[in-house]
Amino acid sequence: MKKGILMTLSVILCITITSCNQNATEKIKSENVKMAIKRDSKIISLPVMTFSETNYDFGTINEGDIVEHEFSFKNTGEAPLVIISAKGSCGCTVSKWSTEPINPRESSSLLVRFNSNGKPNMQTKQVTITANTEKGKEILKIKAMVTPKSKIGS
């Protein structure tokens, strides 16, 4: 019984040693590598959101004012851009955007609306855009100095 197990292990060891003798890199064909690089470069092409500005200052506004700004951008990538969501850092900031894909070299915009009701003094908010870009998230920032209601008309 022991001789049978020892003989089986010897055969397995011999097969393992001889099968690993071949160099795997010698089997790679250079034309296959070139085709794979070309194929993979097409897959990696992603859209790129290039904004004309990513920060906007509304200046001084009165508490209760609703102000909005349109952020323009261009898809400077090589694939269609799809915006999945655009969420404000609080409920007072709302955005509107196109749900249609934006093709390469096309421009579009994203509207950001800020409701200053109940938000006195300096306010800084951001909108996080989730899209199919390499980063996956883009950030827009707005700010405003909100004059409190108690000081309006004083």
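Position 1 is the first residue of the sequence, and the numbers go up from there.
Judged by distance alone, the side chain of N132 and the main-chain N or O of P80 form a donor-acceptor pair under 3.5 Å. With hydrogens and angles disregarded, no donor-acceptor distance shorter than 3.5 Å links the side chain of D65 to the backbone of V67. A donor-acceptor contact shorter than 3.5 Å links the side chain of S116 to the backbone of G64. N75 places a side-chain N or O within donor-acceptor distance of the main-chain N or O of A79, the cut-off being under 3.5 Å.
Taking every heavy atom of both residues into account, E134 and L46 meet most closely at CA-CD1, 3.6 Å. Between T54 and F71 the shortest heavy-atom distance is C-CE2, 3.9 Å. For L110 against F73, the heavy-atom pair with the smallest separation is N-CE2, 4.1 Å. For the pair K119 and E63, the tightest heavy-atom approach, listed with the atom from each and the gap, is N-OE2, 3.9 Å. Closest heavy-atom contact between E138 and M49: CG-SD, 3.7 Å.
Contact annotation: the side chain of N121 approaches that of P148 to within less than 4.5 Å [non-hydrogen atoms, C-beta and beyond]. Counting heavy atoms from C-beta outward, K74 and I102 have side chains that stay 4.5 Å or more apart.
V82 and V127 are not part of a single hydrophobic cluster, where members link through side-chain heavy atoms under 4.5 Å apart.
Among residues two or more places apart in sequence or in another chain, the ring-ring contact (aromatic ring centres under 6.0 Å, His included) test is passed with F58 by Y56.
Among residue pairs with one or both ends in residues 77-100, those qualifying as side-chain hydrogen bond (donor to acceptor under 3.5 Å, both in side chains) are S85-T130; sequence neighbours excluded.
Environment of NZ in K125: crowded, with over 12 heavy atoms of neighbouring residues, nucleotides or ligands closer than 6.0 Å.
Taken to the nearest 0.5 Å, the NE2 atom of H69 stands 8.5 Å off from the CG atom of L140. Within the model, atoms CG of N117 and CG of N62 stand 12.0 Å from one another, a figure rounded to the nearest 0.5 Å.
Side-chain polar atoms of K143 and N55 form no donor-acceptor pair below 3.5 angstrom.
Tested against I129, the residues I139, I84, I83 include a single side-chain contact (heavy atoms from CB on, under 4.5 Å) partner, I83.
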Practice task
Let me see the working for R113 and I66 under side-chain contact (heavy atoms from CB on, under 4.5 Å), right down to the final yes or no.
Solution key: CA-CA 7 Å; R113 181 176 294 131; I66 298 173; 3.5 Å; yes
